[in-house]
There are 2 protein chains.
Amino acid sequence: MVTLADVAAEAGVSLATASRALNGSSRRVREDLRLRVAEAARKLNYAANAQAQAMARGRSEVVGLLVHDIADPYFSSIAAGVMQAAEEHRLLVTLVSTQRRYGTEAEHLTLLRGQRGRAMILVGSRTRDRDVTEALRREVETFTETGGHVVAVSQRALPIDTVVVENRAGARQLGQELTALGYRRFAALAGPTDLLTARDRLQGFKDGIARAGGDLSPAAVVTGPFTRDGGYAAMTELIARDLRPQCVFAVNDVMAVGAMAACRDHGIELPGDLAVAGFDDISTLRDITPGLTTVRLPLERMGALAMDLVVTAEPGGSPRIRRVRGEVVVRASTPGR
Amino acid sequence: MVTLADVAAEAGVSLATASRALNGSSRRVREDLRLRVAEAARKLNYAANAQAQAMARGRSEVVGLLVHDIADPYFSSIAAGVMQAAEEHRLLVTLVSTQRRYGTEAEHLTLLRGQRGRAMILVGSRTRDRDVTEALRREVETFTETGGHVVAVSQRALPIDTVVVENRAGARQLGQELTALGYRRFAALAGPTDLLTARDRLQGFKDGIARAGGDLSPAAVVTGPFTRDGGYAAMTELIARDLRPQCVFAVNDVMAVGAMAACRDHGIELPGDLAVAGFDDISTLRDITPGLTTVRLPLERMGALAMDLVVTAEPGGSPRIRRVRGEVVVRASTPGR
DNA sequence: TTGTATGCGTTATCAC
DNA sequence: GTGATAACGCATACAA
């Protein structure tokens, strides 16, 4: 491996000069030497050892990114926003995935902490589990106390910079609009009971339809995994309960899409026999039929916002909030009645 | 930041003993000391500085992953496979994205090289561009010469371990089956002209239909970006040409999905007026209508295979190939005639 | 088995 | 403006 010492020798200068020439330090280097060093580096195909730099400088250009499932379009879109912003700021991103084992977030953060990155971005719902949250809080605190920065994208469960998604307000608005479309008897595919995102959306939806005169009986709320297959299973269960709702709300789009598949497989016609709505407006919705009514979130921008909080962080600043509103998008899956 | 020295002091042992106790070196540590050190580490919330470890050991547990667009389901599924395998092997993954600026791969690898990871995985089509390939080759060589390992997922454009996708054979098979279904006049949405994946698939498809008596005139081949919107635009162009093909082949699924949208927007009924087929079998296909005929690739497994090549790499071994065959899946978008 | 001392590649502090 | 040299945090060869 070619080191800075090799470059310095090749250019006939000292290590210090080579370092200054290649990495714009505050000191200036005479132009001819600077060129000699640059030429030597090019010739030797030198790439600075970022680890050594990080040790010497006491800071690194790596940001940790934690998601629950990178193959889920919700997370991959946010990740795309993060990646784009990272490139603009010349930052590198180290990815970890909980694979939806929500209790393992703290462990994954420990792993990231070992990398001594300058910041970590936690994407995805927090849980209601006290022990899990406590472990997470400890981990975040440890990292923060030593100069690291942590940003969350979801809800404010920790005292850190957060891109807050207004799940409740978005779902409430959706509930109101669906009721205004004439639906009264609702059902819900509620996701996991301990995920805050799932809970907030369900609660907001309930508020919205209650305010507008709709009805959602507890029997018409089915829980299940926050995934496409979870939505399929929950919808299957709902069908088995034979409650005949007019409209079903899935707390995220991937579940809604799974639910639609379950309907097809059970001979339920959409939207004739049943209206369906979701939440997120993942990009893949553009191509499913009927078009799914949902609450649009600016996913890529949320990733960029998170990275923005990282690069604008002030040491010792108090937690900042960036609110992201959802916008109801009515499509063919809820034609009204 | 708490260091190993802090832990050693807390436990009342030397730095060396603390090091040996925490990272199963070959030397053994007396049980009571080992426990004292572990307890001190836990109490202080110690996480080893991976960068310092990497420097001292001369190897790291980080793998670089390069993709063209993490929001594209093709790449995010492969990435999910990589992430899963990484977790099993206790490796960390640093992600870089070219954002489909195919010429920037070498630059991105330079960035990764700076991280001194143990390996890099290059996912996605190589190009025909000589200069780009040459820059890439140089970069790979530099990394390899210094003990790094590089694995590609795509085609064998470089003398390195590769998960080879049998694009040609898969597309040929698809062409044959479509012809067997009765289609004769074909069109193709060919992707970018300089992407090897796009070229191979188009060539394979041509071979397949030619062998079976189908026809694809040069005028019925439209190039364009390898994306959903690229497929939409290419299909729009094809419609404008007014060639009235019976069946259109898009060289990947995201383009096919975009093409289907273009058809809807132009009043072309699927599959009645036109049959459509794609390639990859991305997971989102499960939920589009009509079901898209395609060539199924085991995307997650491809990611896992790549990581397997990383962890089983022998220093100085010659390049290994893992072939991945595609399987034709006929769905409602090509009912036959 | 435990401790001491050196080196990993780079930056930064100091002298020149 | 340039050059020695001491950190940075850890692993390990060597000495005890």
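In the text below, chain A, chain B and the rest are named by the order of the sequence lines, each starting its count at 1.
A donor-acceptor pair under 3.5 Å is absent between the side-chain atoms of Thr162(B) and the main chain of Val164(B), judged by distance alone.
Protein atom CG of Asp6(A) is 9 Å distant from nucleotide atom P of dG9(C), rounded to whole Å. Atom-to-atom, CG of Asn49(A) to P of dC8(D) comes out at 18 Å; the value is rounded to the nearest Å. In this structure, Gln115(A) atom CD and dG9(D) atom C1' are separated by 14 Å, rounded to whole Å. Rounded to a whole Å, the CZ atom of Arg57(A) is 16 Å from the C1' atom of dT13(C). If you measure from atom CZ of Arg116(B) to atom P of dC10(D), you get 20 Å, rounded to the nearest angstrom. When the P atom of dG9(C) is taken as reference, atom CZ of Arg113(B) falls 14 Å away, rounded to whole Å. If you measure from atom CE of Met55(B) to atom P of dA7(D), you get 16 Å, rounded to the nearest angstrom. The interatomic distance linking Arg36(A) (CZ) with dG1(D) (P) rounds to 17 Å, in whole Å.
No donor-acceptor contact under 3.5 angstrom links the side chains of Thr146(B) and Arg113(B), judged on distance only.
Using a 4.0 Å heavy-atom cutoff across all strands shown, Ala48(B) reaches sugar-phosphate atoms only and no base atom.
Looking only at side-chain heavy atoms (C-beta outward), Arg118(A) and Glu61(A) come within less than 4.5 Å of each other. Residues Thr94(B) and Gln115(A) form no side-chain contact, since every pair of their non-hydrogen atoms from C-beta on lies 4.5 Å or further apart. Within the 4.5 Å cutoff, the side chain of Glu314(A) has no heavy atoms near those of the Arg320(A) side chain.
Toward the 5′ end of DNA chain C lies the nearest nucleotide of Leu33(B), the other residue of the pair Val2(A) and Leu33(B) mapping further downstream. Residues Ala16(B) and Gln51(B) each lie close to DNA chain D; by heavy-atom proximity, the contact nearer the 5' end of the strand is made by Gln51(B).
The side chain of Gln53(A) sits closest to dT10(C) out of dT10(C), dC8(D), dA4(D). The side chain of Arg20(B) approaches dA13(D) more closely than any other nucleotide in the set dA13(D), dT10(C), dG3(D). The listed nucleotides are dT2(C), dG9(C), dG7(C); the one nearest the side chain of Ala56(A) is dG9(C). The side chain of Leu15(B) approaches dC10(D) more closely than any other nucleotide in the set dC10(D), dG9(C), dG3(D). For Thr3(A), the listed nucleotide lying nearest its side chain is dT10(C); candidates were dT2(C), dT10(C), dC8(C). Minimum atom distance to the side chain of Arg28(A) is reached by dG1(D), of the listed dT2(D), dG1(D), dT11(C). The side chain of Thr17(B) approaches dT2(C) more closely than any other nucleotide in the set dT2(C), dT11(C), dG3(D). With distances taken from any side-chain atom of Arg30(B) to the nucleotides dT2(C), dG9(D), dC10(D), the minimum falls on dT2(C). Distance from the side chain of Leu4(B) is smallest for dA11(D) among the nucleotides dG3(C), dT10(C), dA11(D).
Checking the phosphate oxygens (OP1, OP2) of dA4(D), no side-chain nitrogen or oxygen of Ser14(A) falls inside 4.0 Å. The side chain of Tyr46(A) places an N or O atom within less than 4.0 Å of a non-bridging phosphate oxygen (OP1 or OP2) of dT10(C). OP1 or OP2 of dT11(C) has at least one side-chain nitrogen or oxygen of Asn23(A) nearer than 4.0 Å.
Glu141(A) and Arg138(A) are not joined by a salt bridge, as no carboxylate oxygen comes within less than 4.0 angstrom of a charged side-chain nitrogen.
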